[in-house]
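First the structure, in the form of C-alpha cells, and then the observations on it.
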Amino acid sequence: MPRAKAELPAGGHRELRDFLEELQRKRAAGTTEDQLARRSGLSSKTISRIFNPRPGDTLPGWPSSFCSLLDTLKATEDERSRCHALWTRASIENTPSLREKPSDVAAVLRGSGYLETLRRLYDQDRFPLVELFGTTAPICVFPAPPEEWSNVESALGRLPLDKPFPTRLEEDPHKWPKDYNPDAWRRYAKEVAKGENNRRWDGPTWAFDRMRIQPGGGVRIDCVPGRYYRSLATSEYLDEELTNAHKGREDQPVDLSRLPHRNWLHRAGCGDDIVLDGRRRNAAVSVAATVMLATEDGGYQIMLTPRSQDVATHRFFNHVIPSGIFQPLEPPGLVPSSAFVEREFNVERTFHREFIEELYDSEEYADPGGRPIYLPHEEPEIERLRAENKAKLYYTGVSVNLMTLRPEICLLLLITDPTWLARERKRADALARQGGRPLKYGWEIAQRPRDLPPGLSLGHYLTLDRTLNPVGQAGLQSDILVPNAAAAIRLALTVAAAKTGLPANAEHTDA
C-alpha cells in the first residue's frame with residue numbers, strides 16, 4: 001500500500017513528482033504503483049520513493065531506476081529530457097543543509113607548530129616539505145623521472161602474490177597483528193562497531209610495505225593486502241594525534257613524547273626511515289589525479305573541489321579529483337589468485353573507477369551492495385576519454401603525507417582541448433536520458449554553498465594563467481587544502497609545463 005502523499009516544499013522534487021504523475025495519467029491511467037513496479041522491473045519501494053518522496057529522502061539512481069520507468073510510461077525524448085533535468089535538480093536540492101560548525105583543526109593548520117614538528121622529525125634534505133604557491137604542506141614528494149611519465153604503473157613494486165587479505169570487520173582482538181601497536185586495536189574496534197554503509201565500509205586495500213628509491217630516480221612501492229578500517233586505526237590516526245597535540249599551542253612544535261603512537265612507530269621503525277618503511281601499520285596506498293583543463297584564454301583550470309561532510313577524513317577540505325584508495329574489488333577469498341592480483345594491482349584501473357565514481361556520480365564501485373565495475377576500461381565514459389586525442393594521462397610521482405605516513409601515487413590528466421568539458425557534458429546528459437551516466441559530481445564532493453560550514457566558499461576549479469600560476473589563492477590556504485592535493489598539483493605542474501611548452505615557475509619545477 002503506498003504511503004500518504006508528503007507535503008513537499010516547492011522545488012525540483014515536487015515538480016518531478018507532478019511531472020511523473022502527469023505522464024502516468026496520460027499513458028497508464030488507472031495503473032497502480034505496484035503495477036508500475038511489475039511492468040518496469042523496479043521494486044515497489046523504489047517506485048514509492050519516486051512518486052511519494054518525503055522531504056529529506058534521497059532519490060534512487062537515474063540509470064537503474066528512472067529509465068526503466070520512463071520506458072514503461074512510453075516517455076518521448078522531450079519528456080525524458082524534462083524528467084532528467086528535474087531529477088538532477090531534485091537530487092541536489094533535497095540533500096539536507098549542513099548544520100555543522102568548522103572544526104578547530106583549522107586553527108592548528110593555520111599555525112606553524114605542526115610544520116616545525118615535522119621538520120624536526122624528518123630529515124629535510126631527504127624529505128623536504130612541499131611548497132605550492134606560497135603554501136607549505138606537511139608532505140614530501142618523489143618526482144617521477146621524465147622517462148616514466150607515460151607509464152602510470154611505474155611506481156608499483158613487486159606483485160603482492162600469495163599473501164592473504166585481513167578478515168573484514170575482525171572482532172577478535174587476539175587476531176590483531178603482533179607487529180602492530182596493540183593500543184591501535186581499540187581504535188580499530190570502534191571503527192568495526194560503527195559498521196558499514198554504502199559510503200563507508202571495511203574494503204580491501206593495497207597497503208604500504210616498503211618504498212625503494214631507484215638509482216636513476218623515481219621510486220617503487222611494495223604493497224601487501226590490507227583493509228580500510230585498519231588504515232584508519234594505524235595510519236590516519238597519526239594525523240589526529242598530531243593535530244590534537246598542537247591544539248592550544250598552534251605555533252609551537254612538540255616532541256615525540258606528546259605523540260605516543262608516532263613515537264612507538266619511530267622506535268619500531270628506525271626513526272625517519274619510517275617514511276620509506278610501511279611495516280608495523282596498515283597504511284592504505286592511494287591514487288590522486290590532477291585534472292588540468294585548457295581554457296580559451298591559453299591558461300588552465302585544475303579540478304579542485306571541497307570534500308563533503310560524508311567522507312571519513314578531511315571533510316570540507318579541497319582536493320583534486322578523481323582521488324581515492326588504491327584498492328581491488330572484494331577478493332573471492334582471503335588468499336586471492338594470481339590472476340586476481342595481476343588484474344587488480346593496477347593504478348590505471350583505480351583511476352578509471354574513481355573517474356567514473358567522482359565525475360559521473362556512479363556508486364557501482366563505491367557501494368558494496370551495487371554492481372561492481374569489473375571492466376572499468378570498457379565503461380563508455382572511459383572509452384570516450386581514451387578516444388580524445390588531446391587528453392593524456394601521465395604518472396608524475398609519489399607523495400608521502402608526513403601527518404599520516406601514507407604514500408600516494410600521483411597522476412596528471414592533461415586535456416589541451418578547451419572544448420572538451422562542454423562537449424562531454426552535452427554527450428553525457430544526452431546519454432543519461434537513455435540510461436547512461438550524467439556528468440555530475442559524486443557524493444564525496446560538496447556541491448552547494450550550504451553544504452559547507454560558515455566562512456567557507458564553494459569552488460570547483462583552481463584557475464591558472466598562461467604561466468601556470470594561480471589567478472588568486474582561492475582554495476590553496478593550508479587550513480582548507482588536503483596536503484595530498486598540494487603534492488599532486490606540485491608534481492603535475494612540472495609535467496604539464498614540459499608537455500605544453502608553457503613556462504614553468506621555479507616554485508613548481510623539480511629539475
Side-chain angles (χ1 to χ4, degrees), residues 103 105 160 163-210 221-245 256 258-269 274-275 277-287 307 309-315 324-331 333-336 344 366-369 400-408 444 482-484:
S103 169
V105 169
K163 296 181 180 178
F165 278 90
T167 304
R168 186 174 183 168
L169 298 174
E170 179 62 69
E171 295 182 345
D172 185 352
H174 296 99
K175 294 182 180 179
W176 191 244
K178 302 301 182 188
D179 57 344
Y180 290 0
N181 188 331
D183 291 341
W185 166 260
R186 291 194 298 274
R187 293 188 293 275
Y188 171 75
K190 286 181 180 179
E191 300 295 340
V192 171
K194 291 176 186 176
E196 300 177 305
N197 55 46
N198 67 333
R199 296 186 174 182
R200 187 181 185 281
W201 74 100
D202 191 21
T205 69
W206 298 119
F208 176 35
D209 186 43
R210 300 268 183 102
I221 304 174
D222 295 333
C223 295
V224 294
R227 288 281 178 185
Y228 183 59
Y229 284 7
R230 294 182 184 232
S231 186
L232 290 178
T234 65
S235 180
E236 297 293 342
Y237 175 71
L238 294 170
D239 185 327
E240 179 184 338
E241 179 184 68
L242 184 70
T243 53
N244 285 341
L256 276 174
R258 293 176 61 93
L259 307 169
H261 186 53
R262 191 178 296 261
N263 191 16
W264 182 90
L265 274 177
H266 272 250
R267 293 199 316 272
I274 202 71
V275 175
D277 188 340
R279 294 172 299 171
R280 300 175 179 83
R281 61 192 186 277
N282 202 250
V285 178
S286 54
V287 175
R307 288 161 62 79
Q309 64 178 323
D310 294 324
V311 296
T313 61
H314 291 113
R315 291 188 296 170
I325 299 298
F326 183 35
Q327 61 186 159
L329 294 176
E330 188 72 41
L334 291 181
V335 181
E344 296 291 337
D367 184 349
V400 177
N401 186 338
L402 298 179
M403 296 186 76
T404 61
L405 296 175
R406 190 168 68 80
E408 183 161 79
E444 293 175 298
V482 176
N484 302 63

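- Between Pro166 and Lys175 the shortest side-chain heavy-atom distance does not fall below 4.5 Å.
- Separating the CZ atom in Arg406 from the OG1 atom in Thr205 is a distance of 9.5 Å, to the nearest 0.5 Å.
- Looking only at distances, a side-chain donor or acceptor of Asp202 sits under 3.5 Å from a matching main-chain atom of Leu169.
- Remark: Gln327 CD to Tyr228 OH distance equals 9.0 Å, nearest 0.5 Å.
- Minimum heavy-atom separation, Arg258 to Ala245: NH2-O, 3.2 Å.
- Within the 4.5 Å cutoff, the side chain of Arg267 has no heavy atoms near those of the Leu256 side chain.
- Without hydrogens or angle criteria, His261 side chain to Thr234 main chain gives a donor-acceptor distance under 3.5 Å.
- Considering only heavy atoms from C-beta on, Glu408 stays 4.5 Å or farther from Val285 through its side chain.
- Contact annotation: the side chain of Glu171 approaches that of Val192 to within less than 4.5 Å [non-hydrogen atoms, C-beta and beyond].
- Separating the CD atom in Glu344 from the CG atom in Leu329 is a distance of 4.5 Å, to the nearest 0.5 Å.
- To the nearest 0.5 Å, the span separating CZ on Arg281 from CD on Glu236 amounts to 11.5 Å.
- At least one side-chain heavy atom of Leu265 sits less than 4.5 Å from a side-chain heavy atom of Leu238.
- For Asn282 against Ala207, the heavy-atom pair with the smallest separation is ND2-CB, 3.9 Å.
- Of the possible polar contacts, one joining the Trp176 side chain to the Asn181 backbone as a donor-acceptor pair under 3.5 Å is found.
- With contacts defined as side-chain heavy-atom distances shorter than 4.5 Å, the pair Trp201/Arg168 qualifies.
- Using a 4.5 Å heavy-atom threshold, the side chains of Trp206 and Pro225 count as touching.
- Here CZ of Arg280 is found 13.0 Å from NE2 of His266. Values are rounded to the nearest 0.5 Å.
- By the 4.5 Å heavy-atom criterion applied to side chains, Glu241 and Asn263 are not counted as neighbours.
- Using a cut-off of 4.0 Å between Lys/Arg side-chain N and Asp/Glu carboxylate O, Arg227 and Glu170 are scored as not salt-bridged.
- From Asp239, atom CG reaches atom CG of Leu232 across 11.5 Å, with rounding to the nearest 0.5 Å.
- When all heavy atoms of Ala233 and Arg187 are compared, the closest pair comes out as O-NE, 3.1 Å.
- The side-chain tip of Arg230 points at the ring of Tyr188 from less than 6.0 angstrom away and within 45° of straight on.
- Each of Pro328, Pro164, Pro331 was checked for a side chain to side chain contact (heavy atoms under 4.5 Å, CB included) with Pro336, and the lone residue meeting it is Pro331.
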